[in-house]
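Side-chain atoms are counted along with the backbone in the values below, which use heavy atoms only and exclude waters and symmetry mates.
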Amino acid sequence: MWVDLKAISVREASCLKGTVSIQGSKNTVLPIIAASLLADGVSVIYNCPHIDDVEAMCELLNCLNVETKLVNNVLTIDTSNARYACLPEKLTCKLRSSVLLLGAMLAKWGHAGLGMPGGCAIGMRPIDIHLDGLRLMNVNIDCEEGMLCCSSKGLKGCDYTLRFPSVGATENLLIAASGIGEITILRGAAKEPEVIELCKYLMSMGACIEGIGTEVLIIKGTANLKSVSYTNVYDRIVAGTYLLLATAVCSEVRLTGINDISYLKNIIGVCVKLGACIIKINDSIRIASDGLVKAGSFSTGIYPDFPTDLQPVLASVLMKAYGESVITETVFEKRFSIVNELLKLGAAICVDKNKIIINGKKEIHGHTVKATDLRQGAALVVAGVMAKGYTTITDISFIERGYEDIVRDIASLGADIAYA
Ligand code: EPZ
């Protein structure tokens, strides 16, 4: 049995001050890596985060004889000698985004065999919306012993309405549709920044996409997509984690690398509602807070609403607010693993159906808590900065899937935090 022995130890910080440079976006770069399979030659991705999920995605490409190299946050992907292979479940189960190779492999080779995707345990996470769209594109799909076996006598364009604006399904179908010389219409598509960036990338490769940023995407693809270079955007969820952290304690913090603040609007709105003061200066934002958090009602939702990925972090922050706060989770039916761990710190918190109810307290105390998924793990680090005494967060490999170095970032703000 594999055991994660790595942990983070953090002490309550009375004040945070300093600058953090925000890493490149995980959820933007993963679909872009998958899309690169469609080009012949060398694609270059700048500002690529050095995180476990990127490594896992590269490992999958390596199985297809694609060479990948990540040096100083520059990822090169050479598909010159790409060769079809089945992708084994022991690799696909490492991350959810492995399923995005389905669209890319089908457009490139007309068939694809891969194990079921993994990812954070935050709900059922079915892939029916992906598969229904691919079926309409003339793909036959069988599932045998945990392997998806897909083949097509020729992918066709289609007019498909997604029953829910799934980010991953929109990305998968965008990639498949961009790699074939047909017209595809996706209705009810996701509008998340990660989808917008993928559209821009596919356009630069040679696809023609109309309706970017709306729920109707019209894609005219081509089998001759070219390899290009791309500069990844900042990670809005990492930036949001640090904005919420800075809101929760007395702070004066600057985040750099924020080239397009519009992707953060929903998160900034929540931090301001909680009591923080935020201004933008060039490509950075400054946040100041007196650490007096206001209680309130919040809801997660599809973009542009508040992201579900920050729900656990918001729950941590609301432990400090006087009065009752409520967070309604509308995207994932089981994303409540933060609650049991915050109880160990002394929080007055419970789940009622799809709501987290938090009664703010003056004092919460450090304890040993366990990361069980990526964002919940980051939320526990935030809680540790807020709790009296020391908090130890175990199983931090979950956090390393998406944060380049959360300890380095928070230590640079003056907190007493280290790998244990
Ligand atoms: C992406 O996951 C992100 N992951 C998630 O971030 C994020 O929480 C999520 O979008 C929502 O914003 C990546 O980009 C790698 P969905 P994804 O398909 O694409 C249901 C993180 O921490 N659904 O939009 O998997 C699903 O069960 C991760 O970085 C179906 O029912 O999310 C969920 O309830 C965690 N059938 C809802 O839709 C399907 O075929 C949203 O899922 C697909 C999804």
Side-chain angles (χ1 to χ4, degrees), residues 1-4 6 25-39 43 45 48-71 75-127 130-131 134 139 141-151 166-169 171-172 175-176 179 194 198 371-374 377 395-404:
M1 197 180 78
W2 179 78
V3 184
D4 179 8
K6 280 169 87 182
S25 164
K26 166 176 91 76
N27 291 345
T28 303
V29 90
L30 294 173
I32 280 174
I33 295 173
S36 301
L37 180 64
L38 289 173
S43 307
I45 301 167
C48 177
H50 210 135
I51 51 175
D52 289 356
D53 272 15
V54 165
E55 273 181 26
M57 200 68 177
C58 289
E59 236 183 301
L60 286 162
L61 285 187
N62 299 156
C63 293
L64 303 172
N65 215 33
V66 173
E67 284 174 36
T68 57
K69 201 164 67 183
L70 177 57
V71 181
L75 175 65
T76 48
I77 300 171
D78 185 353
T79 59
S80 310
N81 301 311
R83 206 174 42 225
Y84 176 79
C86 275
L87 299 176
E89 201 193 359
K90 68 173 193 300
L91 295 183
T92 57
C93 75
K94 287 188 179 176
L95 77 171
R96 175 77 175 172
S97 295
S98 56
V99 75
L100 301 181
L101 288 167
L102 197 53
M105 289 169 78
L106 280 165
K108 194 173 179 86
W109 290 303
H111 51 282
L114 73 172
M116 292 302 273
C120 289
I122 51 183
M124 289 271 293
R125 307 192 81 179
I127 53 170
H130 302 237
L131 301 186
L134 289 171
V139 176
I141 302 171
D142 284 319
C143 189
E144 291 163 15
E145 291 168 13
M147 285 289 285
L148 282 166
C149 303
C150 307
S151 63
S166 154
V167 176
E171 292 168 346
N172 220 343
I175 294 170
E194 294 74 22
L198 175 63
T372 54
D373 70 67
L374 163 61
D395 298 73
I396 61 162
S397 57
F398 284 106
I399 303 175
E400 290 171 341
R401 293 184 51 184
Y403 291 75
E404 268 191 340

Is the backbone N or O of Cys149 less than 3.5 Å from a side-chain atom of Asp142, with the two atoms forming a donor-acceptor pair by type?
no

Check whether any side-chain heavy atom of Leu75 lies under 4.5 Å from a side-chain heavy atom of Cys58, and answer yes or no.
yes

The criterion is salt bridge (charged side-chain N to carboxylate O under 4.0 Å, His left out); which residues satisfy it with Arg96, sequence neighbours excluded?
none

State, yes or no, whether a side-chain contact exists between Met57 and Lys94 at a heavy-atom distance under 4.5 Å.
no

Does the side chain to side chain contact (heavy atoms under 4.5 Å, CB included) test come out yes or no for Leu30 and Val54, once each step is laid out?
CA-CA 7 Å; Leu30 294 173; Val54 165; 4.3 Å; yes

Starting at CG of Asp78, measure out to OG of Ser36 and round the result to the nearest 0.5 Å.
11.0 Å

Quick check: do Cys150 and Leu102 have side-chain heavy atoms less than 4.5 Å from each other?
yes

Heavy atoms only: give me the nearest Leu374-Gly402 pair and the separation to one decimal.
CD1-N, 3.6 Å

Not counting sequence neighbours, list each pair that qualifies as a ring-ring contact (aromatic ring centres under 6.0 Å, His included) and has a residue in residues 87-108.
none

Nearest heavy-atom contact between Leu198 and Pro31 is CD1-O, 3.9 Å

Under 3.5 Å donor-acceptor, Asn65 side chain and Asn81 backbone
yes

Side chain Asp53, main chain Leu95, donor-acceptor under 3.5 Å:
no

Between side-chain atoms of residues 105-119 and protein atoms elsewhere (two or more places apart, or another chain), which donor-acceptor pairs fall under 3.5 Å?
residue: Lys108; atom: NZ; partner: Leu37; partner atom: O; Å: 2.9
residue: His111; atom: ND1; partner: Trp109; partner atom: O; Å: 3.0

To check you understand the geometry: which heavy-atom pair defines the closest contact between Ile77 and Ile33, and what is its length?
CD1-CG2, 4.0 Å

Does the side chain to side chain contact (heavy atoms under 4.5 Å, CB included) test come out yes or no for Leu87 and Ser98, once each step is laid out?
CA-CA 9 Å; Leu87 299 176; Ser98 56; over 6 Å; no

So, for Pro49 and Val29, which heavy atoms are closest and what is the spacing to 0.1 Å?
CD-CG1, 4.1 Å

Please confirm whether the backbone N or O of Val66 pairs with a side-chain atom of Asn62, one donor and one acceptor, at under 3.5 Å?
yes

For Ala34 versus Ala104, what's the shortest heavy-atom pair and its separation?
O-CB, 3.5 Å

For the CG atom of Leu101 and the CG atom of Leu61, what is their distance to the nearest 0.5 Å?
6.0 Å

Shortest non-hydrogen pair, His130 vs Val99, comes out as CE1-CG1, 3.7 Å

Is Glu67 atom CD crowded by more than 12 heavy atoms from other residues, nucleotides or ligands, each under 6.0 Å away?
no

How many angstroms lie between CD in Glu404 and NZ in Lys26, if you round to the nearest 0.5 Å?
13.0 Å

Decide yes or no on side chain to side chain contact (heavy atoms under 4.5 Å, CB included) for Leu148 and Ile127, but give the supporting numbers first.
CA-CA 11 Å; Leu148 282 166; Ile127 53 170; 3.7 Å; yes

